[in-house]
Amino acid sequence: QVQLVESGGGLVQPGGSLRLSCAASGFTLNYYGIGWFRQAPGKGREGVSAISSSTGRTYYADSVKGRFTISRDNAKNTVYLQMNSLNPEDTGVYYCGRGRYGDVPVRWWSRDEYAYWGQGTQVIVSS
């Protein structure tokens, strides 16, 4: 069955970096777009970034542009999120998601467009 497993979260000081991984199994990553979302305490799940399977095109929320980089390694069936210049507003549980069919949905930032989720990895940015 489809499985997504996030890892790489942790506690980091403001200005620091983390690299999150999303390991996929039960399907071939080449054929599916993947999105990264985050959920801060008391808030909804918001789209952070996504990457297309067919074109490699990347998408970013305005709040992370220039700081976060999404990439994929199809040979390892893994998608990464490199996060630099972290600030306390980046704190939350980070999830990767896959749509029900094919590539990144048009509304890539909407959680409703994703059918499969990992369990999440906690990121805390604090001094």
Side-chain angles (χ1 to χ4, degrees):
Q1 72 275 22
V2 173
Q3 276 197 313
L4 300 166
V5 179
E6 302 93 337
S7 62
L11 173 64
V12 63
Q13 292 189 338
S17 299
L18 284 174
R19 188 176 81 154
L20 306 184
S21 299
C22 171
S25 61
F27 66 99
T28 303
L29 191 64
N30 304 42
Y31 302 130
Y32 293 91
I34 297 291
W36 277 102
F37 285 69
R38 68 186 179 192
Q39 188 161 12
K43 295 189 175 180
R45 194 172 296 190
E46 63 168 346
V48 173
S49 183
I51 186 165
S52 165
S53 58
S54 57
T55 66
R57 181 178 176 181
T58 57
Y59 305 82
Y60 297 96
D62 287 344
S63 58
V64 306
K65 275 181 187 173
R67 301 189 298 122
F68 290 13
T69 304
I70 190 170
S71 61
R72 61 194 298 148
D73 185 336
N74 289 335
K76 295 183 177 179
N77 243 31
T78 300
V79 174
Y80 303 98
L81 186 68
Q82 177 66 44
M83 307 188 298
N84 299 328
S85 301
L86 286 162
N87 60 61
E89 289 70 40
D90 297 314
T91 293
V93 180
Y94 283 69
Y95 301 89
C96 59
R98 200 209 85 177
R100 199 173 301 280
Y101 313 107
D103 213 338
V104 172
V106 172
R107 297 171 69 245
W108 69 265
W109 60 88
S110 171
R111 64 171 299 178
D112 294 339
E113 302 290 335
Y114 294 79
Y116 301 95
W117 298 95
Q119 83 291 346
T121 185
Q122 177 79 56
V123 172
I124 300 174
V125 184
S126 175
S127 54

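- When hydrophobic clusters are built by joining Ile, Leu, Val, Met, Phe, Trp and Tyr residues whose side-chain heavy atoms come closer than 4.5 Å, directly or via intermediates, I34 is not grouped with V93.
- The backbone N or O of S63 lies less than 3.5 Å from a partner atom in the side chain of R67, making a donor-acceptor pair.
- With rounding to the nearest 0.5 Å, the separation of CD in Q82 from OG in S49 is 12.0 Å.
- Between the OH atom in Y95 and the CD atom in Q39 there is a gap of 5.0 Å [rounded to 0.5 Å].
- Side-chain contact between T69 and Y60: present, with at least one pair of heavy atoms (C-beta onward) separated by less than 4.5 Å.
- Side-chain N or O atoms of R45 include none that pairs as donor or acceptor with a backbone N or O of G47 at under 3.5 Å.
- Panel note: side chain R72, backbone L29; a donor-acceptor pair is recorded below 3.5 Å.
- Here the closest non-hydrogen pair linking R98 and G33 is CG-O, 3.8 Å.
- A donor-acceptor contact shorter than 3.5 Å is absent between the side chain of Y94 and the backbone of L81.
- In this structure, Y59 and W108 have tilted ring planes: the angle between them lies in the 30° to 60° band.
- To the nearest 0.5 Å, atoms CZ (R38) and CD (E89) are separated by 9.0 Å.
- Taking CD from E46 and CZ from R111, the interatomic distance works out to 12.0 Å, rounded to the nearest 0.5 Å.
- Each disulfide (SG to SG under 2.5 Å) pair with one or both residues in residues 98-127, not counting sequence neighbours, would appear here, but there are none.
- Judged by distance alone, with hydrogens and angles left aside, the side-chain atoms of T91 form a donor-acceptor pair with the main-chain N or O of V125 at under 3.5 Å.
- In this structure, CH2 on W36 lies 7.5 Å from OG1 on T121, to the nearest 0.5 angstrom.
- Counting heavy atoms from C-beta on, the side chains of V79 and I70 come closer than 4.5 Å.
- Remark: aromatic rings of F37 and Y114 are close, center separation under 6.0 Å.
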Do Q119 and V5 pass the side-chain contact (heavy atoms from CB on, under 4.5 Å) test, and can you show the C-alpha distance, the side-chain angles, and the key distance before you say yes or no?
CA-CA 7 Å; Q119 83 291 346; V5 179; 4.1 Å; yes
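- By the 4.5 Å heavy-atom criterion applied to side chains, Y80 and S71 are counted as neighbours.
- If you check the side chains of T78 and D73, you find no donor sitting under 3.5 Å from an acceptor.
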Side-chain donor-acceptor pairs of residues 9-28 under 3.5 Å, sequence neighbours excluded:
| unit_1 | atom_1 | unit_2 | atom_2 | d |
| --- | --- | --- | --- | --- |
| S17 | OG | N84 | OD1 | 2.9 |

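- With contacts defined as side-chain heavy-atom distances shorter than 4.5 Å, the pair M83/V123 qualifies.
- Remark: D112 does not engage R107 in a salt bridge, criterion side-chain N to carboxylate O under 4.0 Å.
- Residues Y31 and V104 fall into different hydrophobic clusters, defined by Ile, Leu, Val, Met, Phe, Trp and Tyr side chains chained together at heavy-atom separations under 4.5 Å.
- Within the 4.5 Å cutoff, the side chain of L86 has heavy atoms near those of the F68 side chain.
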